[in-house]
Amino acid sequence: MRGSTFSYTELGRGIPLLALSGSPGDARQTLAAFEPAFVGRTGWRRLHLDLPGQGRTPGPDWIRTYDDVLQAVVEFLDEVVGDQPVAVAGISYGSTLATALRHGHPERVLATLQLSPANDVEPDGLSTPVVREDTGFREALTEDERPFLDLFKVRTRTVLEEIRAWTMPGVASCDVAFLDRLDQGPRFSHVDEPLRSFDGPGLIIVGRQDPGGHHRLVDQLDLMPRTTLAVLDRAGHLAFAEQSRLVDVLVTEWLDRVEEHLEQTRAARL
């Protein structure tokens, strides 16, 4: 893989699922967001990836753009999964990467799950209200957490502890210089191209109070006839922590649909 050494957590056997975190973040975030849906469920091989410059995966010099990140992920799939199509589940930046993979390598993608997809069209976002703020929340924030205050739309101790446990360690360990280099380069090239149709099982989960908004996602549904769009009240960009129980239910139902899709596809070939 051109000198790329990916760190990843592998769980289970069966249908391959590639899990991609937000940025900055690492595999701990996708483990927290998606693994509850696999309690009591077998038949899935989950690959929770530390993306380049995040977690324990270094940011190699040859990766200069987001399209290079995509190429590195494709090479990882070549080496670890082979030519078997994968389900892809991404959070924020990971959702954009999942869309890029689906757009540029449709033969590799069986199904997609996009949780709190980043807004690549209007990156400055919208002004959205805080749903709840408990007394003492702001005072409880550490110096490293304060820059993320505006992302919290449900400001409770429970949500804060979730973010502390599963997102902030990835923030602390990321390669800031490498991620800044990516930010200074061009966007994913697929963002400037017409969205391609996708008829595999899909799920998009977005918080109603997410500054990234949701209207742009509604406009995409005609091209994704098997995709559910769930807009969750009482959630912003941190929906996996702010509406964790509802996210678990939706992810579980998506897994059911992926399994059903595979069964129908196999039956059609007989």
Side-chain angles (χ1 to χ4, degrees), residues 1-10 14-23 25 27 30 34 44-54 57 59-60 62-118 120-121 182 185-204 216-217 220-228 254-255 257-259 261-262 264-266 269:
M1 290 189 289
R2 274 193 286 183
S4 298
T5 302
F6 278 96
S7 172
Y8 63 99
T9 299
E10 181 171 352
I15 305 165
L17 181 144
L18 180 67
L20 307 170
S21 74
S23 178
T30 56
F34 303 134
W44 287 81
R45 180 191 183 195
R46 290 97 68 196
L47 305 168
H48 294 269
L49 196 62
D50 284 347
L51 290 165
Q54 301 185 178
T57 297
W62 71 268
I63 294 182
R64 294 281 169 171
T65 69
Y66 287 117
D67 282 349
D68 290 340
V69 175
L70 172 62
Q71 183 57 38
V73 171
V74 170
E75 292 177 11
F76 168 81
L77 290 174
D78 287 340
E79 181 173 296
V80 176
V81 180
D83 59 3
Q84 185 179 3
V86 300
V88 187
I91 302 173
S92 189
Y93 163 62
S95 290
T96 304
L97 188 51
T99 301
L101 182 62
R102 188 182 68 203
H103 181 88
H105 304 270
E107 75 286 352
R108 305 301 300 263
V109 179
L110 165 68
T112 57
L113 190 169
Q114 298 165 260
L115 175 55
S116 301
D120 299 299
V121 179
L182 289 181
R187 302 186 298 178
F188 282 103
S189 58
H190 80 273
V191 173
D192 299 313
E193 300 174 4
L195 185 67
R196 294 180 180 176
S197 61
F198 178 68
D199 60 4
L203 172 61
I204 303 172
R216 74 192 191 283
L217 302 171
Q220 298 175 9
L221 290 181
D222 286 344
L223 293 172
M224 298 183 288
R226 294 295 315 280
T227 291
T228 295
W254 175 72
L255 295 172
R257 285 192 287 126
V258 176
E259 292 175 1
H261 175 74
L262 282 172
Q264 293 176 336
T265 301
R266 294 185 187 115
R269 291 173 179 169

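What you see below is based on every heavy atom in this structure, not just the backbone, and it leaves out hydrogens, waters and symmetry mates. Computed from a predicted model, the values in this text were never measured in an experiment.
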Counterpart residues, side chain to side chain contact (heavy atoms under 4.5 Å, CB included), relative to His261 (two or more places apart) = Leu110, Pro201, Arg226, Thr265
Residues in salt bridge (Lys or Arg N to Asp or Glu O under 4.0 Å) with Asp199, at least two apart?
-> none
Are any non-hydrogen side-chain atoms of Thr96 and Tyr66 less than 4.5 angstrom apart?
-> no
Which residues pass the side chain to side chain contact (heavy atoms under 4.5 Å, CB included) test with Ser7, sequence neighbours left out?
-> Asp50, Arg56, Thr57
Phe198: what forms a ring-ring contact (aromatic ring centres under 6.0 Å, His included) with it, not counting sequence neighbours?
-> none
Heavy-atom closest contact (Thr227 atom, Leu203 atom, distance) = CG2-N, 4.1 Å
Check side-chain hydrogen bond (donor to acceptor under 3.5 Å, both in side chains) between Ser197 and all other residues, then give those that pass, not counting sequence neighbours.
-> none
With Ala87, which residues qualify under side chain to side chain contact (heavy atoms under 4.5 Å, CB included), at least two apart?
-> Leu17, Trp44, Ala111, Trp254
Write down the atom of Gln220, the atom of Arg216, and the distance for their closest heavy-atom approach.
-> CG-O, 3.5 Å
Got Met224 and Thr112 here, is their nearest side-chain heavy-atom distance under 4.5 Å?
-> no
Where Pro194 and His103 come nearest, the two heavy atoms and their spacing = O-CE1, 3.3 Å
When you look at Leu97 and Leu70, which way does the side-chain contact (heavy atoms from CB on, under 4.5 Å) test go after all the steps?
-> CA-CA 7 Å; Leu97 188 51; Leu70 172 62; 4.1 Å; yes
Any side chain to side chain donor-acceptor pair (under 3.5 Å) involving residues 14-23? Give me the pairs, sequence neighbours left out, ordered by first then second residue.
-> Ser21-Gln54, Ser23-Gln54
Salt bridge (charged side-chain N to carboxylate O under 4.0 Å, His left out): which pairs involve residues 83-107, sequence neighbours left out?
-> none
Nearest heavy-atom contact between Gln114 and Pro117 is O-CD, 4.0 Å
Could you state the interatomic distance from CG (Leu115) to CG (Leu20), rounded to the nearest 0.5 Å?
-> 12.0 Å
List the steps, then state whether side-chain contact (heavy atoms from CB on, under 4.5 Å) holds for Ile63 with Leu182.
-> CA-CA 8 Å; Ile63 294 182; Leu182 289 181; 4.1 Å; yes
With sequence neighbours excluded, residues passing salt bridge (Lys or Arg N to Asp or Glu O under 4.0 Å) with Asp192 | Arg187
Considering all heavy atoms, the nearest Gly90-Ser95 contact | O-OG, 2.7 Å
List the atom of Leu51, the atom of Phe6, and the distance in Å for their closest heavy-atom pair.
-> CA-CE2, 4.3 Å
Decide side-chain contact (heavy atoms from CB on, under 4.5 Å) for Asp78 and Arg108; before the verdict, give the C-alpha distance in whole Å, the side-chain angles of both, and the deciding distance to 0.1 Å.
-> CA-CA 10 Å; Asp78 287 340; Arg108 305 301 300 263; 2.7 Å; yes
Under the side-chain hydrogen bond (donor to acceptor under 3.5 Å, both in side chains) rule, collect the residues that match up with Gln84, sequence neighbours excluded.
-> none
First locate atom CD of Glu75, then atom CD of Glu79, and finally report the distance between them rounded to the nearest 0.5 Å.
-> 9.0 Å
Take Thr30 and Arg46 through the test side-chain contact (heavy atoms from CB on, under 4.5 Å) and record every step on the way to the result.
-> CA-CA 10 Å; Thr30 56; Arg46 290 97 68 196; over 6 Å; no
Taking only residues two or more places apart in sequence or in another chain, which ones pass side-chain hydrogen bond (donor to acceptor under 3.5 Å, both in side chains) with Tyr8?
-> none
Who passes side-chain hydrogen bond (donor to acceptor under 3.5 Å, both in side chains) against Arg196, sequence neighbours left out?
-> none
